[in-house]
Structure formats: C-alpha cells, structure tokens
K.L.:
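I am attaching a structure below and will ask some questions about it afterwards.
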Amino acid sequence: GGPDALQQYERLVREQRLDLRQHISDDHCARVLYTGLVEIGVRAAATGVAFAEADDPSIARAPAGKGARAVVQRLLKDMSMFGFPRGADFYSNVFKVLTAHRLLHDALWLHDAMVADGVVPDRPTAVCLVSIAVTLGEDRKAVAFFRDLSKACTPTMRTYMTVLRAFAKRQDWRGAVDLVENLRLGHGAPDALVLNTVLGLCVSASALDAAEGLLASWEDVADTVSCNILF
C-alpha cells in the first residue's frame with residue numbers, strides 16, 4: 001500500500017470503469033478501503049509526490065500539500081458514486097489523516113463536507129476543530145464549534161482556555177463572561193485559570209464592573225491571582 005495502490009485504484013475506476021459496488025457489498029470494508037486510499041493520497045500530496053497518472057493535474061503534479069484536498073474530494077465523490085455511506089467514524093479517520101500532516105485548512109474544509117453529508121463530528125473531532133479554528137485565526141468558527149460542542153457535552157477547562165483565545169483576540173469580554181456564566185447551566189464551574197483569563201480580559205477592556213461582578217459570582221473558585229488582577 002503505497003502510491004502504487006492508488007494508481008491501481010485509479011486505473012480500475014477511471015480507465016476500466018470498474019463498479020466497486022459490484023465487488024464490495026460490505027459498507028464497513030468500503031470505508032476501510034477508502035480510509036486507506038485517503039491516507040496514501042494525502043501522504044503523497046503532502047510530500048509533493050506525483051502518485052497518479054490522473055486526468056486531474058492538480059492532483060498528479062501539485063506542490064507539497066496542495067493536492068491533498070483534491071484527493072479527498074475525489075475519493076468522497078467516488079464513494080457517493082458507488083453508494084458507499086460515510087459516518088462519523090469515517091470522517092474522524094480522514095480528519096486525523098489531514099491533521100497529522102498539519103493540513104489544517106483542509107481539516108476545516110472537511111467539516112463543511114461532513115455537515116453537507118449530515119454527519120455530526122464526534123467529541124474528539126469537535127474539540128480539535130475548536131483548536132484548529134483558533135490556530136488559523138478563524139475566531140467566529142472557533143466560537144461556533146465550541147458552542148456546538150457544548151450542546152453535546154461539557155467541554156474541559158483546557159478547551160475553555162483554547163476558545164477564550166478567540167474571545168481575547170476580538171476583545172469580546174462580554175462573550176467571555178457569558179461563556180463562564182453559562183457553566184452554571186451545566187452545574188459546572190470554571191477553574192481559577194479560566195476565571196483569571198476572563199477577569200484579565202475584562203480589566204484590559206476597562207469593564208471593571210463586569211470583572212467585579214464575575215469575581216463575586218465565583219469567589220469560591222478565585223485565588224490570590226484573581227484578586228491581584230482587580231486590586
């Protein structure tokens with residue numbers, strides 16, 4: 001299974017017009033096959049290897065990393081053509097392949113493909129989406145991903161700290177305060193680090209009343225640093 005495997009696949013499907021549905025009746029086996037093909041293709045594209053004598057030069061001769069999305073798009077299209085269903089597990093595996101090669105923009109694009117397919121990301125993928133969006137400066141997407149995650153489960157304090165970077169970049173102290181206060185809805189509480197990050201954002205925005213109210217609201221969580229931020 002290196003580039004030769006993908007070349008063989010291309011010859012069978014493009015040149016010989018092989019209908020894989022006639023040869024693979026088990027959907028799980030199909031997903032395993034396509035996950036492997038994605039990994040081979042993305043690895044080849046990420047390293048700039050020409051792996052296919054395809055009719056799409058953007059795939060066959062793309063600079064390192066530039067052809068990965070085209071590979072995935074092409075294979076997803078093939079799965080649809082043959083009637084192979086895709087679920088959260090499949091997309092999660094493809095997501096891992098893209099992030100392993102630091103193809104973060106492509107990982108965000110894959111989320112759009114998931115949504116179009118009616119698939120909801122699993123928790124690890126949803127957490128990773130928040131981090132990727134923050135890393136790429138896609139602050140609105142980061143907040144949206146975080147809110148979607150919060151509907152399904154209670155995020156960890158680490159994930160709270162990640163998304164707070166997006167609020168801080170936008171100087172959105174109101175959004176950050178709401179984020180912390182909404183913890184009560186899930187019967188949770190911030191840790192001191194999260195609380196202090198929001199307090200610092202409020203102070204930097206001269207929203208001292210909001211900071212004082214937040215501190216009073218979570219005084220059982222506050223530490224010495226919390227008080228020093230305000231006084």
K.L.:
Does any part of the side chain of Ile132, heavy atoms only, come nearer than 4.5 Å to the side chain of Leu136, both counted from C-beta?
P.N.:
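In short, these two side chains touch, coming nearer than 4.5 Å.
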K.L.:
With Asp122, which residues qualify under side chain to side chain donor-acceptor pair (under 3.5 Å), at least two apart?
P.N.:
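So Asp122 forms a side chain to side chain donor-acceptor pair (under 3.5 Å) with Ser92, Thr125.
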K.L.:
Work out which heavy atom in Thr197 is nearest to a heavy atom in Met161; give both atom names and the distance.
P.N.:
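Result for this residue pair: OG1-CE, 3.3 Å.
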K.L.:
Given side-chain contact (heavy atoms from CB on, under 4.5 Å), test Arg158 with Leu193 step by step and report yes or no.
P.N.:
CA-CA 10 Å; Arg158 180 176 181 179; Leu193 187 57; over 6 Å; no
K.L.:
Minimum heavy-atom separation for Cys202 and Ala210, please, with both atom names.
P.N.:
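In terms of heavy atoms, the two residues are closest at SG-CB, 4.4 Å.
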K.L.:
Please tabulate, for the side chains in residues 163-179, all donor-acceptor contacts under 3.5 angstrom to protein atoms that are two or more places apart in sequence or on a different chain.
P.N.:
| unit_1 | atom_1 | unit_2 | atom_2 | d |
| --- | --- | --- | --- | --- |
| Gln171 | NE2 | Ala168 | O | 3.1 |
| Asp172 | OD1 | Gly175 | N | 2.8 |

K.L.:
Are Leu208 and Val225 linked, directly or through intermediate hydrophobic residues, by side-chain heavy-atom contacts shorter than 4.5 Å (ILVMFWY only)?
P.N.:
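Yes, Val225 connects to Leu208 through the hydrophobic network.
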K.L.:
For residues Ser131 and Val127, determine if any side-chain heavy atom of one lies less than 4.5 Å from a side-chain heavy atom of the other.
P.N.:
no
K.L.:
I'd like to know if Phe90 and Met81 are part of one continuous hydrophobic network [Ile/Leu/Val/Met/Phe/Trp/Tyr, side-chain heavy atoms within less than 4.5 Å].
P.N.:
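Shared cluster, yes.
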K.L.:
In terms of hydrophobic clusters joined by side-chain contacts under 4.5 Å, are Phe84 and Val32 together?
P.N.:
no
K.L.:
Using only atom types and a distance under 3.5 Å, with no angle test, would you say the side chain of Arg21 pairs donor to acceptor with the backbone of Phe82?
P.N.:
yes
K.L.:
Quick one: are Glu181 and Leu214 in side-chain contact, heavy atoms under 4.5 Å?
P.N.:
yes
K.L.:
Can you name the residues that form a side chain to side chain donor-acceptor pair (under 3.5 Å) with Ser80, not counting sequence neighbours?
P.N.:
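Here the qualifying residues are Arg86.
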K.L.:
Compare all side-chain heavy atoms of Asp106 with those of Val72 and state whether any distance is below 4.5 angstrom.
P.N.:
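SC-SC contact between Asp106 and Val72 ruled out.
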K.L.:
I'd like to know if the side chain of Thr35 and the backbone of Arg31 have a donor-acceptor N/O pair within less than 3.5 Å.
P.N.:
yes
K.L.:
Determine whether Leu33 and Leu37 make a side-chain contact, defined as any pair of heavy atoms from C-beta on separated by less than 4.5 Å.
P.N.:
yes
K.L.:
Without placing hydrogens or testing angles, list every side-chain donor-acceptor pair under 3.5 Å for residues 94-102, not counting sequence neighbours.
P.N.:
| unit_1 | atom_1 | unit_2 | atom_2 | d |
| --- | --- | --- | --- | --- |
| Thr99 | OG1 | Phe95 | O | 3.0 |
| Thr99 | OG1 | Lys96 | O | 3.2 |

K.L.:
Do Arg74 and Glu10 make a side-chain contact, defined as non-hydrogen atoms from C-beta onward lying under 4.5 Å apart?
P.N.:
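Result yes, sub-4.5 Å side-chain heavy-atom pair found.
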K.L.:
List the atom of Gly41, the atom of Val71, and the distance in Å for their closest heavy-atom pair.
P.N.:
CA-CG1, 3.8 Å
K.L.:
Going hydrophobic residue to hydrophobic residue with side-chain gaps under 4.5 angstrom, can you get from Val13 over to Leu76?
P.N.:
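As far as the 4.5 Å side-chain criterion goes, Leu76 and Val13 are connected within one cluster.
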K.L.:
Got a donor-acceptor contact below 3.5 angstrom from the Ser226 side chain to the Asp223 backbone?
P.N.:
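Yes.
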K.L.:
Is there a path of hydrophobic side-chain contacts, each under 4.5 Å between heavy atoms of I, L, V, M, F, W or Y residues, that connects Val198 with Val134?
P.N.:
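No, Val198 does not connect to Val134 through the hydrophobic network.
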K.L.:
Quick one: side chain to side chain donor-acceptor pair (under 3.5 Å) partners of Thr162, sequence neighbours excluded?
P.N.:
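Listed in chain order: nothing, the list is empty.
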K.L.:
With sequence neighbours excluded, give me every ring pair (Phe, Tyr, Trp, His ring centres under 6.0 Å) pair touching residues 134-157.
P.N.:
His111-Phe145, Phe146-Tyr160
K.L.:
Is there side-chain contact between Asp191 and Val194, with at least one heavy-atom pair below 4.5 Å?
P.N.:
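Answer yes - side chains close enough.
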K.L.:
So, taking the atom named CG in Leu103 and the one named CG in Leu108, what distance separates them when rounded to the nearest 0.5 Å?
P.N.:
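One finds 11.5 Å between CG of Leu103 and CG of Leu108.
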K.L.:
For Asp117 and Tyr91, what are the C-alpha separation, side-chain angles and deciding distance, and is it a side-chain hydrogen bond (donor to acceptor under 3.5 Å, both in side chains)?
P.N.:
CA-CA 10 Å; Asp117 225 358; Tyr91 274 109; 2.7 Å; yes
